[in-house]
Amino acid sequence: MSSHFQGKSFLKEIDFSKKELETLIDLAAHFKYLKQKNIPHQYLQGKNIALLFEKTSTRTRSSFTVAANDLGAHAEFLGKNDIQFGKKESLEDTAKVFGRMYDGIEYRGFSQETVEGLAKYSGVPVWNGLTDDWHPTQMLADFLTIKEQFNHLEGITLAYLGDGRNNVANSLLVTGAILGVNIHIVAPKSLQPTSEIQALAQKKADESGAELLITDNVAQGVAGVDVLYTDVWASMGEEETFEERIKLLTPYQINAALVASTHNDQVIVLHDLPAFHDLKTTMAQEIYQQFGIQEMEITDDVFHAPYAHQFEQAENRLHTIKAVMAATLGHMFIPEI
Ligand code: CP
Ligand code: NVA
C-alpha cells in the first residue's frame with residue numbers, strides 16, 4: 001500500500017476530492033498542535049525546496065520557508081530577477097534542471113500553465129503559491145480557519161465580496177463547492193466568475209450539496225451568511241485598474257453597515273491579506289492622493305473588530321502549507337483515502 005498524496009503536486013483544488021482536501025486541512029490542524037507543543041515533526045529531513053516567485057509575497061513565502069525549516073528541509077528563495085528563467089532559459093529547461101537539484105518546487109506567478117509545466121517537466125512535487133487563476137494553498141488555510149471557528153464546514157455559508165473574477169474568488173467558489181460549503185459571489189456583473197468557472201463549481205456543488213449564488217445584489221448576497229470574505233480590488237499585475245475598480249466595487253466594501261446587514265451576530269470576517277484598510281502603506285497613500293479614499297475593500301473599524309479573523313487565517317497559511325509539503329514529499333504514511 002502506498003502513502004496517499006506521495007509524489008503528487010498541488011496545482012489547483014479541482015484536482016482533489018472532498019476527502020483529500022479535508023485530510024489536508026485536518027493534517028494542518030495536527031501540525032499546528034505539534035508546533036504549539038514544541039513536538040518535532042521533521043518529515044522532510046535532508047530535502048531541498050525551491051521557492052520560485054515571479055510576484056511578491058509576505059505570507060506565502062514565509063510559510064513555505066518556516067514550514068520547510070520546521071520539517072527539517074532547506075528552502076532556497078529564487079526571485080524572478082535572480083535566475084535565468086524566462087529571459088535566457090525556457091520553462092521546460094529550467095524545470096528539468098530544478099527536478100535534478102530540488103526535491104520539491106513552490107511557484108508563484110502569473111500563468112497557471114507555468115506551474116503545470118513545472119510539474120510536468122521537473123518530475124518532482126510542485127506547489128502552486130498563487131497564479132492569476134487559482135490560490136489553492138490559501139484555501140486550505142481559509143477553510144481551516146472556518147472549521148476552527150464553527151467546528152464544522154458543511155452547511156456554512158460564505159459570501160465573497162469584490163472582484164469575483166480573481167484567483168481567490170475562483171478558488172473559494174470551487175473549493176467551497178467541493179467541500180459542501182455554500183458560496184455566494186457578490187460582485188458587479190462585469191466582475192463575476194466566468195461561465196467556465198461557474199460550470200466547474202456547479203458540477204462539484206451537485207455532488208456535495210453546496211449551494212452557489214452569483215449575484216450583484218449585496219443585500220441578497222449577504223443576508224444570513226456565516227462568513228464575509230473580501231480581497232484586494234485589483235490583484236497583483238492589474239494595479240492600473242484601480243480607478244475603474246473603485247467605481248465598480250465601492251458598494252461591495254465590507255463596512256459596519258454591511259456586517260450588520262447579514263443579521264447574524266455570529267458572523268465572522270476573513271481577508272487573505274494584504275488589505276487596504278488604512279493609509280499606512282505607500283500604495284494606499286498614492287490611491288488616497290489620486291482618488292481621495294482612505295479605505296477600499298474593508299474599513300479599518302471592521303478590520304480591527306473582534307469578529308475579524310484575518311490574522312489567524314494568515315497563521316494558518318504556515319500549518320496548511322506544511323501539511324501539503326509533508327503529505328506530498330515527506331517521510332510519512334497517509335493511508336489510501
Ligand atoms: N495571502 C497571501 O497569499 O499573502 P502573500 O501575498 O503575502 O503571500
Ligand atoms: N487576488 C490577490 C491575492 C493576493 C494574495 C492577488 O492576486 O494579488
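Order of listing sets the numbers, starting from 1, for every ligand and every atom in it.
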Should F53 and L78 be regarded as members of a common hydrophobic cluster, given that ILVMFWY residues are connected when their side-chain heavy atoms come within less than 4.5 Å of each other, either directly or indirectly? no
Donor-acceptor list for residues 280-293 side chains, cut-off 3.5 Å, not counting sequence neighbours:
residue : atom : partner : partner atom : Å
T281    : OG1  : A284    : N            : 3.0
Q285    : NE2  : L279    : O            : 3.1

Ion pair present between R165 and E238, side-chain N to carboxylate O less than 4.0 angstrom? no
Counting from 1 in the order shown, the ligand 2 atoms closer than 4.0 Å to a non-hydrogen atom of D272 are 3 (C), 4 (C), 5 (C)
Give a yes or no on whether a salt bridge exists between D15 and K12, defined as a side-chain N under 4.0 angstrom from a carboxylate O. yes
Ligand 2 and K55, any nitrogen or oxygen pair closer than 3.5 angstrom? no
The one among R108, R59, K55 that brings a heavy atom closest to atom 6 (O) of ligand 1: R108
Under 4.0 Å from one or more heavy atoms of D231, ligand 2 contributes atoms 1 (N), 2 (C), 3 (C)
List every atom of ligand 2 that sits less than 4.0 Å from any heavy atom of L273, numbering the atoms from 1 in the order shown and giving each element. 5 (C)
To which protein heavy atom is atom 8 (O) of ligand 2 closest, and what is the distance rounded to 0.1 Å? M236 N, 2.8 Å
Would you say L130 has any N or O atom under 3.5 Å from an N or O of ligand 1, going by distance alone? no
For L130, counting its heavy atoms only, list the atoms of ligand 2 lying under 4.0 Å from any of them. 3 (C), 4 (C), 5 (C), 7 (O)
With the threshold set at 4.0 Å, does a side-chain nitrogen-carboxylate oxygen contact exist between D26 and K147? yes
NZ (K87) with more than 12 external heavy atoms under 6.0 Å: yes
Minimum-distance protein heavy atom relative to atom 2 (C) of ligand 1: R317 NH1, 3.2 Å
Can you pull out the closest protein heavy atom to atom 7 (O) of ligand 2? Residue, atom name and distance to 0.1 Å, please. N167 ND2, 2.9 Å
Run the numbers for me: atoms of ligand 1, each under 4.0 Å from some heavy atom of L273, listed by number. 1 (N), 2 (C), 4 (O)
What's the shortest distance from atom 7 (O) of ligand 1 to any protein heavy atom, and which residue and atom give it? T58 N, 2.6 Å
Give a yes or no on whether a salt bridge exists between E22 and K18, defined as a side-chain N under 4.0 angstrom from a carboxylate O. yes
